There are 6 protein chains.
Amino acid sequence: MDELIDGALAEDLGHGDLTTQAVVPEGARARGTILQKGPGVLAGLDVARAVFERVDPDVSFSALVPEGEWRQPGPAVGVEGATASILAAERTAINFLGLLSGVATLTARYVAAVEGTGATILDTRKTVPGLRALQKAAVAAGGGSSHRAGLHDAILVKENHVRSAGGVAEAASRALAGAPDGVTVEVEVESLDELAAALDAGVGRVLLDNMGLGHLRMAVELARGRAQLEASGGITLETVRDVAETGVDFISVGALTHSAPALDLSLLLHPG
Amino acid sequence: MDELIDGALAEDLGHGDLTTQAVVPEGARARGTILQKGPGVLAGLDVARAVFERVDPDVSFSALVPEGEWRQPGPAVGVEGATASILAAERTAINFLGLLSGVATLTARYVAAVEGTGATILDTRKTVPGLRALQKAAVAAGGGSSHRAGLHDAILVKENHVRSAGGVAEAASRALAGAPDGVTVEVEVESLDELAAALDAGVGRVLLDNMGLGHLRMAVELARGRAQLEASGGITLETVRDVAETGVDFISVGALTHSAPALDLSLLLHPG
Amino acid sequence: MDELIDGALAEDLGHGDLTTQAVVPEGARARGTILQKGPGVLAGLDVARAVFERVDPDVSFSALVPEGEWRQPGPAVGVEGATASILAAERTAINFLGLLSGVATLTARYVAAVEGTGATILDTRKTVPGLRALQKAAVAAGGGSSHRAGLHDAILVKENHVRSAGGVAEAASRALAGAPDGVTVEVEVESLDELAAALDAGVGRVLLDNMGLGHLRMAVELARGRAQLEASGGITLETVRDVAETGVDFISVGALTHSAPALDLSLLLHPG
Amino acid sequence: MDELIDGALAEDLGHGDLTTQAVVPEGARARGTILQKGPGVLAGLDVARAVFERVDPDVSFSALVPEGEWRQPGPAVGVEGATASILAAERTAINFLGLLSGVATLTARYVAAVEGTGATILDTRKTVPGLRALQKAAVAAGGGSSHRAGLHDAILVKENHVRSAGGVAEAASRALAGAPDGVTVEVEVESLDELAAALDAGVGRVLLDNMGLGHLRMAVELARGRAQLEASGGITLETVRDVAETGVDFISVGALTHSAPALDLSLLLHPG
Amino acid sequence: MDELIDGALAEDLGHGDLTTQAVVPEGARARGTILQKGPGVLAGLDVARAVFERVDPDVSFSALVPEGEWRQPGPAVGVEGATASILAAERTAINFLGLLSGVATLTARYVAAVEGTGATILDTRKTVPGLRALQKAAVAAGGGSSHRAGLHDAILVKENHVRSAGGVAEAASRALAGAPDGVTVEVEVESLDELAAALDAGVGRVLLDNMGLGHLRMAVELARGRAQLEASGGITLETVRDVAETGVDFISVGALTHSAPALDLSLLLHPG
Amino acid sequence: MDELIDGALAEDLGHGDLTTQAVVPEGARARGTILQKGPGVLAGLDVARAVFERVDPDVSFSALVPEGEWRQPGPAVGVEGATASILAAERTAINFLGLLSGVATLTARYVAAVEGTGATILDTRKTVPGLRALQKAAVAAGGGSSHRAGLHDAILVKENHVRSAGGVAEAASRALAGAPDGVTVEVEVESLDELAAALDAGVGRVLLDNMGLGHLRMAVELARGRAQLEASGGITLETVRDVAETGVDFISVGALTHSAPALDLSLLLHPG
């Protein structure tokens, strides 16, 4: 994370903050508030704190509200220290905090939409390059769960693997045979025929790609007691509850990490 | 960029791609297509190509369409090589390409909305940490312009600097006095009073923060011939044309780089 | 109904099912499911069953869910028998079932919208030629009631009769005088003046054509204890509750039988 | 058609029109107008005329506007004759005319939406039982084309046939081998893999079921010059133009005949 | 108008402007701008000018833009004089100007919606008590026309007169007989029957109350060359063009004067 | 009020009601109902009654429902007397009643939207010239409260006063020093800096102009226990609850009195 923060600061600061050098009196100190301007869930406070610390360890940073809870707009963080330091860290800290809180906020909306159904909202590997671990922590702050960290910690046989192996049955068998101990094997299917083949191969978890509600419901009946089911593909806030009510165990949503709008935040220095 | 790509691949691949190892026959080769599934503008083809190269220099990568042009859904890139290599690079390449094409696509929508008005669409420093240079290139691919690279290459006196300096007039004077040769000085103002103060101080460019259309129009009349004007704050695709028609020179939009939804892309291996 | 089914099968099958003859192995048998793909109320299961029976009495047909209840998408019917028979009956059976379930579904939406108000939802004579009895049964499955079967079992004096008789008072008197024993007499009125005339003539039921909510409410007060009231004309799902809350006894809706979209159903043969 | 009309009249009239018997003076004559109350395309004028003729050959029926043209609301048909005859035929004639004009109107909206793209709008076998021929004529009046009359005049290998035959390649070969001379063979596919198999089998026309725009565009490139393509599945007025612009040859729309709302029509007797 | 202005000033000022007395330095002078904050048409500039004059004849008032033209937000009026006078007149002047410009703006939207159809937009007697003449001038500024000034300068036989007279024919005859020379006689009708009666009576202008598009079109055909037609009742910006295209001569809209939202205006004193 | 009513009647009646003179039989008497045609809150019944009395003291006027309560459409007032008198008073009475009920209805919607939050809905001085007292009574009927009657009964230091005084601190001090005993002093601020200045000056009530939700929430925390807060500026029915939930004490809404659509009312004479 240090490297990430240093890189982000370098992008923004380069050889120095010309404006502050010109305008802010030397030695000036200030107090400020990071204001949350839309409703949502904060995530990434530790990263924001680390950005300020990296710029100037003497800037104090106090979270005024906890991460992971839905809250209406209002003050989120208090900072105090050298004005020049606060202004140098401001944009980078808020870029992290806004992006990660955006992920947590969108996740929380999906989680709220399926409340009471038994379905779990999952993220995917469709993350922002360089930010996967932070985004997955933000998904957790929003109440979602992680699908897998990457290609290395779980097996998910997708359409392209199936095509390469020559069919679901063959791909599933190879995956089950080749999986290291303790590694989950999941197979993506496009139709109820492929679901039947995956179940027959003994797969314990199946991803149902882009199926309508009727097909999902029928898949749930077919799989009853034999495998866990995950729905994926084009599921929106408008449709996620209906999907959850078909009885699937998991719903994975790429948009959580590739298309969440940033939470609107800004830093206000206090008068006086 | 190499570092960025290596980091992204490391996140995804870790100690290896378990699924491909289990399912894909050794030595298998494939051809595939990256399919653009929604309308938009491609950006980041070079990054995607570099991801494949980094994984396996023997994978060929052919862009089927140019960057920077609005196109309907369809095939975007052809790849050919070892199946295992293609599948190892797939997600990381598409994560870059989808994010950057999303930025270019949103930019292109704003640029189209103001066509013929003389206003220029600008990005901001509200970028994804680590990706600023790539995102700014994507904004350019979408027809937008870069505001400034960071704190180091231009002066923008914002609300917090004004507060720290004790007023617009004072802040503007200090900025003009302290600016290195050849560096633009811009001052953000919240009201027509502050605009008058900035103009009187001789500032050549003023950012009008969060003003209504009436105030913007009046600002244009006040500033005529004395400074360039930039509108910013809460401007959406629905409102941007009205803003442009007030006569401002620039419109900056943070959402281009912090809230653009990813362009929907996927890789299909060819049958046979 | 037999005639209707035979006619529908003849339309579809003509001199035979060329595709099945060419593609499906002789003697092949299959199991299949009719899948309900949108939410709604099933109606017409007996007709669908009769279609399969007519094509091949050896095809079994098992309803998996009851008619007349609102349900989410999922399996609706199981069929089993000769593949060629199932495929020959499929489209005709689903054409009946989709149309009638569409009627029941739209009716159920109107009935739900007025729940607790005391108003009864009625169908009209605006039915699909040839399908009136089936559509009226579908309205009942959706919780609605039948207005009258046709011109022969109730008197409804409409605008054209009034014009022909020279006024509401005259038309109403003639209708009351000429009505066979036990036949209800209802008179359609366009204004409160006409309502007063109908009430004065002693009519027991009045249809209020195309009146606004204020007029309906005033009509209810005028008619109190003297006649039942029915509202009709341009009433939609958005407005039906407000109409019901004026206190009218009945609301008739032509769209139930002339403009209900079909319920989305399809038949899936099971793999293996 | 005579049988259909007689059946529809019997449903409505039963043993007689009680209202007219009671209210309309014997021997009364009237002129009336069938008024089109919403914008759209008339279809089924011949059927409506036949209904009046069947009730009373002395009623004159004059179409005031041509079939098959989009028109704003206004007078559509003039009738003149015995009042009792006009009122007896009214509802049945309008039930036919409203339903068929609704089909023509919805078709015309789809046809207008794809204007200039080269794509042809087709109906399906998802018709109202008993009314297929009339509905297909109404589709033609609206500018659409007929897919096939029924199972007997063309071969369309669908998902269930494929499943029964064990795969697209096998099903396609059998269909081509078994097709009578001059009968078109079309094969429905769910994926680009299946499209490749169908093209390899030499099929001249392929139905692309429920594919996204990106897949459709890629299918058009794959099939170039080898087969005609038809898109189907969930295509709405909002999406049909985008589908047409992918370059497919045909777009089939079940809703034309199973879910078109009736055109709003009513008969007004003239005063005096 | 003087009385009206004095009354409005008295409402607002009472025994004096406490705030200005306390805060504004005696003898202070200022320049200010009335800013139009939404798009629209200005009306009532003379009234606003008169308000300032009434408070202090030494305040100068310069309209920066003409009345009666659609314009985007921007400066509308310049004022200069004693600060206390400007602030005392501000609210009253803007209350007039906002209300009247709101009327002109809504009128202009209706007029634009029917452009090219030949229909004329009319106001009604549904005006704000005390402001009828000013509102009618504002309608004219927006491009509309005046129906009649009041009960005294034209005859319009409405539903209640018809009821009182015992029918349209009788009411129309009396109106034609009793009309002073040069006074237009118009009759409101609720149905095509009543239209026929009014035409037969020789009425030269008929108001068609609350009719659907089909009925309006038929009315136009019935009346051809015999009377001018005016449509009224529930016509909105969404529906007015369709109404105009039926061929009616006039469309009257009560909302122009009873429900137009005020145009958003505010006065800004200039800095310095 | 008498003057206002006389003026309004004079506008409408001028030298007499030509229509009634021509059409209504001398000496005719009638009963009628004022019908409320949309949902809402009645206000101004006394004014309407006074209009009828002014025209003819022998017309009886009976309110059928109370003012100040939300009600569905239905009969609102009964009148009885000389037909000519009723028709002469009709439009003027309804113009008052519709306008004032419109104000009460819009107020009631805002009040309902903030129910349970502790925030009070206020009107402003943005009233219809001549009708301020009546409009403020209508706001009260709708459940809102009055801000101040005019410039004379409370001090509100606005942006223009601040500019004239040279800053918030100075303007606030002058206002507090110059306020007569018992007169409230309120200061409008545009930013949190200005809020701090006003609080420091000892102002007891602050108007927060056009602030976002985050700023409002932060203002509530800053002001805690030191001053009452009022939010204003661009607050709509969609946003008012979120504003109320920030904890402000008052919300003022200009639209209540300058842009409320009239409540739809009409007078029906009874048949017979």
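Side chains included, hydrogens not; waters and symmetry mates left out as well; all remaining heavy atoms used. First the proteins, then the strands, lettered A, B, ... as listed; each starts at 1. Keep in mind the model is a prediction, meaning the values are calculated, not measured.
Shortest non-hydrogen contact noted between P39(B) and R109(B) is O-NH2, 4.4 Å. Across all non-hydrogen atoms, the minimal contact from E230(A) to S252(A) is OE2-OG, 2.8 Å. Taking both residues in full, the closest heavy atoms of L263(B) and G38(B) are given as CD1-O, 3.9 Å, listed atom of the first, atom of the second, then distance. Of all heavy-atom pairs spanning F52(B) and A93(B), the tightest one is CE1-CB, 3.6 Å. Closest approach of F96(B) and V51(B) over heavy atoms only: CD1-CG2, 3.9 Å.
Screening L134(A), V139(A), T107(A) for a side chain to side chain contact (heavy atoms under 4.5 Å, CB included) with T257(A), the sole residue that qualifies is V139(A).
With a 4.5 angstrom heavy-atom cutoff, L131(B) touches chain A via backbone and side-chain atoms both. Residue contact with chain A, scored on non-hydrogen atoms closer than 4.5 Å, is absent for Q21(B). Using a 4.5 Å cut-off between heavy atoms, S164(A) contacts chain B through both its backbone and its side chain. Neither the backbone nor the side chain of S173(B) comes within less than 4.5 Å of any heavy atom in chain A. Contact annotation for L13(A): both backbone and side-chain heavy atoms come within less than 4.5 Å of a heavy atom of chain B. Heavy-atom distances place no part of I86(B) under 4.5 Å from chain A, backbone and side chain included. Contacts of E170(A) with chain B are absent, with no heavy-atom separation under 4.5 Å from either backbone or side chain. For A149(A), the part sitting under 4.5 Å from any heavy atom of chain B is the backbone (N, CA, C, O) and nothing else. Contacts of A175(B) with chain A are made by both backbone and side-chain atoms, with heavy-atom separations under 4.5 Å. Contacts of A154(A) with chain B are made by backbone atoms alone, with heavy-atom separations under 4.5 Å and no side-chain atom involved. Using a 4.5 Å cut-off between heavy atoms, D153(B) contacts chain A through its backbone alone, with no side-chain atom that close. Contacts of V183(B) with chain A are made by side-chain atoms alone, with heavy-atom separations under 4.5 Å and no backbone atom involved.
For the atom pair E159(A) CD and E194(A) CD, the distance stands at 7.5 Å (nearest 0.5 Å).
Of the residues considered (P129(B), A262(B), A260(B), G130(B)), P129(B) shows the highest number of contacts with chain A, using heavy-atom pairs under 4.5 Å. Note on L4(B), V157(B), T127(B), D264(B): by heavy-atom pairs under 4.5 Å with chain A, the leading option is T127(B). When the candidates A177(A), G150(A), G166(A), A22(A) are compared by the number of heavy-atom contacts under 4.5 Å with chain B, A22(A) comes out ahead. In terms of heavy-atom pairs under 4.5 Å with chain A, the best-connected choice from L269(B), L99(B), L9(B) is L269(B). For the options I5(A), D12(A), V162(A), heavy-atom pairs under 4.5 Å to chain B are most numerous at D12(A). Interface check for chain A: of the options A10(B), G16(B), G7(B), G254(B), the most heavy-atom pairs under 4.5 Å are formed by G16(B). Residue with the most contacts toward chain B among R125(A), H15(A), H161(A), R148(A): R125(A) (heavy-atom pairs, distance under 4.5 Å). Ranked by heavy-atom pairs under 4.5 Å with chain A, the list V24(B), L151(B), T83(B) is led by L151(B). Comparing A88(A), P261(A), A8(A), G178(A) by heavy-atom pairs within less than 4.5 Å of chain B, the highest count is held by P261(A). Per-residue heavy-atom pair counts under 4.5 Å with chain B were compared for I94(A), L176(A), V23(A), T92(A), and the maximum is reached by V23(A). Ranked by non-hydrogen atom pairs under 4.5 Å with chain A, the options T20(B), V185(B), L267(B), D17(B) are led by D17(B).
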Practice task
For side-chain contact (heavy atoms from CB on, under 4.5 Å), just list the numbers for N160(A) and K158(A), CA-CA rounded to whole Å, side-chain angles, deciding distance to a tenth of an Å, and then say yes or no.
Solution key: CA-CA 5 Å; N160(A) 282 331; K158(A) 306 197 69 173; 5.6 Å; no
Exercise for the section: Under the side-chain contact (heavy atoms from CB on, under 4.5 Å) rule, what do E190(B) and D209(B) come out as? Steps first, then yes or no, please. Expected result: CA-CA 5 Å; E190(B) 314 285 318; D209(B) 183 44; 3.2 Å; yes
Practice task
Take N95(A) and E11(A), measure what side-chain contact (heavy atoms from CB on, under 4.5 Å) needs, and give me the verdict at the end.
Solution key: CA-CA 12 Å; N95(A) 282 351; E11(A) 279 179 343; over 6 Å; no
Problem - Worked check of side-chain contact (heavy atoms from CB on, under 4.5 Å) between L97(A) and L45(A) - result: CA-CA 7 Å; L97(A) 195 58; L45(A) 286 170; 3.9 Å; yes
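Formation of a donor-acceptor pair under 3.5 Å by the Q135(A) side chain with backbone atoms of V103(A) is not found in this model.
L237(B) has its side chain within reach of L106(B): a pair of non-hydrogen atoms, C-beta onward, lies under 4.5 Å apart.
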